[in-house]
Asker: 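What follows is a single structure, and I will ask about it in a moment.
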Amino acid sequence: QVQLVESGGGLVQSGGSLRLSCAASGSVSSINAMGWYRQAPGKQRELVAEVTSGGSTNYADSVKGRFTCSRDNAKQMVYLQMNSLKPEDTAIYYCKGTIVAVTTGVEYDFWGQGTQVIVSS
């Protein structure tokens with residue numbers, strides 16, 4: 001089985017910074033794209049940022065220039081550095097990995113359990 005576990009959420013004042021981390025573990029054969037999504041109360045889950053296995057990144061317009069998504073392939077981890085945080089960044093942040101499991105040999109999207117980020121004004 002494959003697991004994704006996030007850490008690093010919390011409460012921060014507007015203008016502050018947080019760094020989220022996500023670790024993949026279990027029967028991982030290979031990891032393709034990894035990224036971060038968020039869901040605010042009453043809203044749909046949306047892409048925040050993602051990074052391919054080759055290091056190419058894609059960001060939501062709302063976070064460009066403020067957030068940086070990176071990964072460590074050797075550690076099977078993905079990070080989200082969030083700077084200049086705004087109250088509208090408040091949401092539950094989910095890690096997603098497009099992963100081939102050893103047991104199945106098939107690529108699936110796996111999700112973490114989510115970590116809360118609250119930005120106070």
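Counting begins at 1 with the first residue of the sequence. If you're wondering where the values come from, they're calculated on a predicted model, not measured in any experiment.
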Asker: Distance-only criterion, 3.5 Å: show the donor-acceptor pairs between side-chain atoms of residues 112-121 and protein atoms not counting sequence neighbours.
Answerer:
{"residue": "Q113", "atom": "NE2", "partner": "E6", "partner atom": "OE1", "Å": "3.3"}
{"residue": "T115", "atom": "OG1", "partner": "G9", "partner atom": "N", "Å": "3.3"}
{"residue": "Q116", "atom": "NE2", "partner": "A91", "partner atom": "O", "Å": "3.2"}

Asker: Can you measure from CD1 (I31) to CG (N73) and round to the nearest 0.5 angstrom?
Answerer: 7.5 Å
Asker: Are Y94 and V51 grouped together when hydrophobic residues (ILVMFWY) are joined by side-chain heavy atoms under 4.5 angstrom apart?
Answerer: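 No, because Y94 and V51 fall into different hydrophobic clusters, even though each may have its own neighbours under 4.5 Å.
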Asker: Which distance, rounded to the nearest 0.5 Å, do you find between the CZ of R66 and the CD of Q81?
Answerer: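 One finds 12.0 Å between CZ of R66 and CD of Q81.
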Asker: Honestly curious: do L80 and Y37 fall in one hydrophobic cluster under the side-chain, below-4.5 Å linking rule?
Answerer: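 In one cluster: no.
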Asker: Please state whether the rings of Y93 and F67 are parallel, tilted or perpendicular, taking 30° and 60° as the class boundaries.
Answerer: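 Ring orientation of Y93 relative to F67: tilted.
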Asker: Excluding sequence neighbours, so at least two apart, what forms side chain to side chain donor-acceptor pair (under 3.5 Å) with K75?
Answerer: none
Asker: Would V48 and L85 show up in the same hydrophobic cluster when neighbours are defined by side-chain heavy atoms closer than 4.5 Å?
Answerer: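 Yes, V48 connects to L85 through the hydrophobic network.
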Asker: Under the side chain to side chain donor-acceptor pair (under 3.5 Å) rule, collect the residues that match up with T68, sequence neighbours excluded.
Answerer: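 Not a single residue meets the side chain to side chain donor-acceptor pair (under 3.5 Å) criterion with T68.
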Asker: Does the side chain of T52 come within less than 4.5 Å of E50's, by heavy atoms?
Answerer: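 They are not in contact (no side-chain heavy atoms under 4.5 Å apart), so the answer is no.
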Asker: Could you report the tightest heavy-atom contact between C95 and V78, atom names first, then the distance?
Answerer: SG-CG1, 3.7 Å
Asker: To check you understand the geometry: which heavy-atom pair defines the closest contact between S29 and A101, and what is its length?
Answerer: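 Nearest heavy atoms, S29 then A101: CB-C, 4.1 Å.
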Asker: Return each pair, listed once, that meets salt bridge (Lys or Arg N to Asp or Glu O under 4.0 Å) where at least one residue sits in residues 99-113; pairs must be two or more places apart or across chains.
Answerer: K96-D109
Asker: Just wondering, do V106 and V100 contact through their side chains at under 4.5 Å, heavy atoms?
Answerer: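 Side chain of V100 against side chain of V106, heavy atoms only: no contact under 4.5 Å found.
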Asker: Could you tell me the separation between the CE atom of M34 and the CG atom of D72, rounded to the nearest 0.5 Å?
Answerer: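 CG of D72 is found 10.0 Å from CE of M34.
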Asker: Honestly curious: do V2 and Y108 fall in one hydrophobic cluster under the side-chain, below-4.5 Å linking rule?
Answerer: yes
Asker: Donor-acceptor pairs under 3.5 Å, side chain of residues 15-27 to any protein atom, not counting sequence neighbours: which ones?
Answerer:
{"residue": "S17", "atom": "OG", "partner": "N83", "partner atom": "OD1", "Å": "2.9"}
{"residue": "S25", "atom": "OG", "partner": "Q3", "partner atom": "OE1", "Å": "3.3"}
{"residue": "S27", "atom": "OG", "partner": "Q1", "partner atom": "N", "Å": "3.1"}

Asker: Taking all non-hydrogen atoms of both residues into account, name the closest pair between K64 and Y59 and its distance.
Answerer: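 Heavy-atom minimum between the residues: CE-O, 3.4 Å.
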Asker: Got a sec, which pairs hit salt bridge (Lys or Arg N to Asp or Glu O under 4.0 Å) with one end in residues 20-40, sequence neighbours left out?
Answerer: R38-E46, R38-D89
Asker: Heavy atoms only: give me the nearest L47-W36 pair and the separation to one decimal.
Answerer: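 L47 and W36 have their closest heavy atoms at CD1-O, 3.7 Å.
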